[in-house]
Amino acid sequence: MQRVFAPLPDGVYPANDTPAYRSSARRAPREPAVLAPHTASETLGPRPGAERLVAGLGDLTRPAGARGEALGQRLLVHGRVTDERGRPERRALVEVWQANAAGRYLHDGDRHDAPLDPNFTGRGAVLTDDDGRYEFLTIEPGVYPWGNHHNAWRPRHIHFSLFGAAWATRLVTQMYFPGDPTLPFDPIFMGIADVAARERLVSHFDLERTQPDYALAFRFDIVLRGALDTPWEAPA
Amino acid sequence: MSGLTPSQTVGPYFRLGLDWPDAWRLATATTPGVPLTLVGRVLDGDGLPVSDALLELWQADAAGHYPSPGAQGFSGLGRCGVDATGAFRFLTVKPGAVATPDGGLQAPHLNLVVMARGLLTHLYTRVYFPGDEAAQDADPVLACVPPARRATLLARPDGDVHRFDIHLQGEHETVFFAL
């Protein structure tokens with residue numbers, strides 16, 4: 001059958017059947033995913049753009065309508081989005097969401113006994129430029145407890161959603177922070193079997209982009225799947 | 001060495017970041033094609049509703065063409081978070097038959113992505129329609145699905161709407177594709 005994207009290497013995308021992540025138990029499919037030809041349905045894709053940006057969504061520290069500035073360590077988060085062959089993902093929609101500095105989400109379902117910040121919603125959206133680069137200003141999210149197991153803590157993270165060039169390149173992931181002591185105990189992060197791949201979700205402190213007297217900077221590059229120049233025949 | 005960025009779960013709080021309140025409605029009264037309302041529920045292995053799932057829909061227009069990037073009008077993209085009962089709804093038009101790489105035709109179908117707390121990597125599935133049996137017999141993607149499981153990819157008419165329940169697990173587990 002004709003395939004246009006290279007096979008996913010084992011262990012890079014976490015298996016849904018990850019027992020240590022308790023929510024997966026009754027939700028992870030049991031049947032193997034079906035391999036089929038790549039057609040236009042998979043090799044083309046939606047390109048949401050500026051219509052999904054609301055003014056100010058690149059600066060999470062001063063959300064629209066807020067009276068002041070969000071509490072917490074200011075961060076410039078930036079990076080480059082490319083496909084696996086190094087080609088920039090131009091004008092790609094990057095959506096982000098995160099907890100506040102105290103580790104609390106602005107969400108009805110979040111029952112963590114930590115304060116909300118009236119000046120922080122935790123939502124952002126930006127488009128990459130013609131070189132695939134994106135950046136947004138935010139504050140450092142807190143670690144927070146969750147019910148997965150006794151004394152479970154989610155490492156500091158920012159959720160990312162990306163639309164690449166094709167339906168097959170859709171990616172939702174999480175960015176983590178270097179040196180977070182809770183990372184090795186997190187079943188979501190540790191669900192990625194390939195150690196090198198897992199480490200790619202840890203952002204890098206970027207002294208050069210740090211804004212003196214204002215904000216720290218972290219770099220998080222993102223690599224999506226990319227179409228091969230020549231389709232290949234996979235065994236049926 | 002691909003350097004691919006791994007997937008992670010969308011988690012329980014995705015509405016904070018991914019809510020597009022209007023995106024369940026892809027078509028307006030002037031969109032060419034036969035109106036189609038797709039409803040359904042996302043269910044777990046115990047048949048219980050998954051109340052924190054997010055669905056995205058990608059489809060061709062009524063002529064079987066995927067919209068070009070930046071094109072005006074029909075975008076072909078929908079997004080809908082389920083409600084407390086796991087239910088979702090898309091208002092769109094029925095897609096036309098899409099060409100295959102070798103010059104044939106695929107049966108009309110919708111492409112869906114399912115994301116949820118508990119899923120570390122999103123799931124891909126397709127929705128086909130009753131009445132297209134001849135086209136489905138020639139569809140190269142359906143041909144890869146074991147015959148006994150193909151019915152899980154078929155929407156069923158229910159009054160004015162088409163119903164498509166997504167079973168993440170269990171006896172009626174929906175077919176998911178490895179893209």
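Side chains are part of it too, since the values below use all heavy atoms of this structure and drop only hydrogens, waters and symmetry mates. Note on naming: letters A, B, ... go to the chains in the order of the sequence lines (proteins, then strands), and numbering restarts at 1 for each one.
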Engineer: Checking heavy atoms, do the side chain of Tyr124(B), its backbone, both or neither come under 4.5 Å from chain A?
Structural biologist: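 Answer is side chain: those atoms of Tyr124(B) sit under 4.5 Å from chain A.
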Engineer: Sort Phe163(A) into side chain, backbone, both or neither according to what part of it lies under 4.5 angstrom from a heavy atom of chain B.
Structural biologist: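 The answer is the side chain of Phe163(A).
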Engineer: So, Asp108(A) and Tyr13(B): side-chain donor and acceptor under 3.5 Å apart, yes or no?
Structural biologist: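 No, because no side-chain N or O of Asp108(A) sits under 3.5 Å from a partner of the opposite role on Tyr13(B).
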Engineer: Non-hydrogen atoms of chain B under 4.5 Å away: do they reach the side chain of Ala196(A), the backbone, both or neither?
Structural biologist: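 Neither; nothing under 4.5 Å.
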Engineer: Between Asp139(B) and chain A, with a heavy-atom cut-off of 4.5 Å, which part of the residue counts as in contact: side chain, backbone, both or neither?
Structural biologist: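 Neither part.
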Engineer: Need one label for Leu110(B): side chain, backbone, both or neither, based on atoms under 4.5 Å from any heavy atom in chain A.
Structural biologist: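 Leu110(B) has no heavy atom closer than 4.5 Å to chain A.
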Engineer: If you count heavy-atom pairs under 4.5 Å with chain A, which of Thr121(B), Val113(B), Asp52(B) comes out on top?
Structural biologist: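 Option with the top pair count is Thr121(B).
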Engineer: Between Leu224(A) and chain B, which part of the residue has a heavy atom less than 4.5 Å away: side chain, backbone, both or neither?
Structural biologist: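 Backbone of Leu224(A) only, per the 4.5 Å heavy-atom cut-off to chain B.
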Engineer: Taking every non-hydrogen pair under 4.5 Å, which of Ala40(A), Gly226(A), Ala125(A), Gly86(A) racks up the most with chain B?
Structural biologist: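 With the most close heavy-atom pairs to chain B, the winner is Ala40(A).
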Engineer: Using non-hydrogen atoms and a 4.5 Å limit, figure out which bit of Glu95(A) sits close to chain B: side chain, backbone, both or neither.
Structural biologist: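 For Glu95(A), the side chain is the part near chain B, not the backbone.
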Engineer: Which region of Tyr21(A), side chain (C-beta onward) or backbone (N, CA, C, O), has a non-hydrogen atom less than 4.5 Å from a non-hydrogen atom of chain B, or is it both or neither?
Structural biologist: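 Only the side chain of Tyr21(A) comes within 4.5 Å of chain B.
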Engineer: Tell me whether the rings of Phe136(A) and Tyr134(A) are parallel (<30°), tilted (30 to 60°) or perpendicular (>60°).
Structural biologist: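 Judged by the thresholds at 30° and 60°, the geometry between Phe136(A) and Tyr134(A) is parallel.
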Engineer: Taking 4.0 angstrom as the limit, do Glu42(A) and Arg3(A) come out as a salt bridge?
Structural biologist: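 Between Arg3(A) and Glu42(A) there is no salt bridge, as every charged N stays at least 4.0 Å from the carboxylate O atoms.
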Engineer: Count the heavy-atom pairs under 4.5 Å between each of Val42(B), Asp44(B), Asn111(B) and chain A, then report the option with the highest count.
Structural biologist: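 Option with the greatest count: Asn111(B).
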Engineer: Between Val10(B) and chain A, with a heavy-atom cut-off of 4.5 Å, which part of the residue counts as in contact: side chain, backbone, both or neither?
Structural biologist: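 Backbone plus side chain of Val10(B), per the 4.5 Å heavy-atom cut-off to chain A.
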Engineer: Report yes or no: is the cationic atom of Arg52(A) (NZ for Lys, CZ for Arg) closer than 6.0 Å to the six-membered ring centre of Trp20(B), at no more than 45° off its axis?
Structural biologist: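 Because its charged atom sits under 6.0 Å from the ring centre and within 45° of the axis, Arg52(A) does stack over Trp20(B).
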Engineer: Are any of the side-chain nitrogens in Arg30(A) or Asp17(A) under 4.0 Å away from the carboxylate oxygens of its partner?
Structural biologist: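 The answer is yes: the pair qualifies as a salt bridge.
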Engineer: Roughly how far apart are Arg225(A) CZ and Leu179(B) CG, rounded to 0.5 Å?
Structural biologist: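 Here the rounded value is 6.5 Å.
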Engineer: When heavy-atom pairs shorter than 4.5 Å are enumerated against chain B, which of Thr82(A), Leu35(A), Ile188(A) gives the highest number?
Structural biologist: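 Counting heavy-atom pairs under 4.5 Å, the top option is Ile188(A).
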Engineer: Among Leu77(B), Thr100(B), Leu43(B), Leu16(B), who wins on heavy-atom pairs under 4.5 Å with chain A?
Structural biologist: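 Option with the greatest count: Leu16(B).
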Engineer: Using a distance-only test with no angle check, is there a side-chain donor-acceptor pair under 3.5 angstrom linking Gln169(B) and Arg27(A)?
Structural biologist: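 No donor-acceptor contact under 3.5 Å links the two side chains.
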Engineer: Tell me if the aromatic rings of His157(A) and Tyr144(A) count as close, with their centers under 6.0 Å from one another.
Structural biologist: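 When the ring centroids of His157(A) and Tyr144(A) are compared, they turn out to be within the sub-6.0 Å range.
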Engineer: What part of Thr43(A) gets within 4.5 angstrom of chain B, counting heavy atoms only: side chain, backbone, both, or neither?
Structural biologist: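 Contact with chain B is absent: no heavy atom of Thr43(A) under 4.5 Å.
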Engineer: Just give me the residue among Pro46(A), Gly122(A), Ala36(A) that pairs up with chain B most often, heavy atom to heavy atom, under 4.5 Å.
Structural biologist: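 Between Pro46(A), Gly122(A), Ala36(A), the count favours Pro46(A).
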Engineer: How long is the straight-line distance from CG of Asp61(B) back to OG of Ser75(B), given to the nearest 0.5 Å?
Structural biologist: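 So the gap between those two atoms works out to 11.0 Å.
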Engineer: Please classify the contact of Gln174(A) with chain B as side chain, backbone, both or neither, using a heavy-atom distance under 4.5 Å.
Structural biologist: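 Both backbone and side chain.
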Engineer: If you tally heavy-atom pairs under 4.5 Å against chain B, which of Ala33(A), Pro29(A), Ala197(A), Ala168(A) wins?
Structural biologist: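 The candidate making the most pairs under 4.5 Å is Pro29(A).
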Engineer: Could you tell me which portion of Ala25(A) (side chain, backbone, both or neither) has an atom closer than 4.5 angstrom to a non-hydrogen atom of chain B?
Structural biologist: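 The answer is the backbone of Ala25(A).
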Engineer: Assess, by modelled atom type and distance only, whether the side chains of Gln106(B) and Thr39(A) contain a donor and an acceptor separated by less than 3.5 Å.
Structural biologist: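 Yes, because at least one side-chain N or O of Gln106(B) sits under 3.5 Å from a partner of the opposite role on Thr39(A).
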Engineer: Go through the atoms of Leu60(A) and report whether side chain, backbone, both or neither lie under 4.5 Å from a heavy atom of chain B.
Structural biologist: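 The answer is neither part of Leu60(A).
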Engineer: Pro12(B) versus chain A, heavy atoms under 4.5 Å apart: side chain, backbone, both or neither?
Structural biologist: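 Backbone only.
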Engineer: Would you say the side-chain atoms of His109(B) and Ser41(A) include a donor-acceptor pair closer than 3.5 Å?
Structural biologist: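 Yes, Ser41(A) and His109(B) have a side-chain donor paired with an acceptor closer than 3.5 Å.
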Engineer: Is it true that Gln98(A) and Thr138(A) share a donor-acceptor pair across their side chains at a distance under 3.5 Å?
Structural biologist: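 Note: Thr138(A) and Gln98(A) side chains meet the donor-acceptor criterion.
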Engineer: So what's closer than 4.5 Å to chain B heavy atoms on His159(A): side chain, backbone, both or neither?
Structural biologist: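 His159(A) touches chain B through side-chain heavy atoms alone.
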Engineer: With only heavy atoms counted, which part of Arg22(A) is less than 4.5 Å from chain B, the side chain, the backbone, both or neither?
Structural biologist: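 Interface part for Arg22(A): neither.
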Engineer: Do Arg117(B) and Ser23(A) pair up side chain to side chain, a donor and an acceptor below 3.5 Å, judged on atom types alone?
Structural biologist: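 A pair is found: one side chain offers a donor N or O, the other an acceptor, under 3.5 Å apart.
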Engineer: Please classify the contact between Glu56(B) and chain A as side chain, backbone, both or neither, with a heavy-atom cut-off of under 4.5 Å.
Structural biologist: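 Both the backbone and the side chain of Glu56(B) come within 4.5 Å of chain A.
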Engineer: What part of His167(B) gets within 4.5 angstrom of chain A, counting heavy atoms only: side chain, backbone, both, or neither?
Structural biologist: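 Neither part, no heavy atoms under 4.5 Å.
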Engineer: Contact between Leu168(B) and Val50(B) at the side-chain level, heavy atoms closer than 4.5 Å - yes or no?
Structural biologist: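 A side-chain contact under 4.5 Å exists here.
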Engineer: Run the salt bridge (charged side-chain N to carboxylate O under 4.0 Å, His left out) test on Asp180(A) and Arg156(A) for me, step by step, so that the C-alpha distance in whole Å, both residues' side-chain angles and the decisive distance to 0.1 Å come before the verdict.
Structural biologist: CA-CA 7 Å; Asp180(A) 192 318; Arg156(A) 290 169 293 152; 3.2 Å; yes
Engineer: With a 4.5 angstrom heavy-atom cut-off, which part of Asp102(B) approaches chain A: side chain, backbone, both or neither?
Structural biologist: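 Neither the backbone nor the side chain of Asp102(B) comes within 4.5 Å of chain A.
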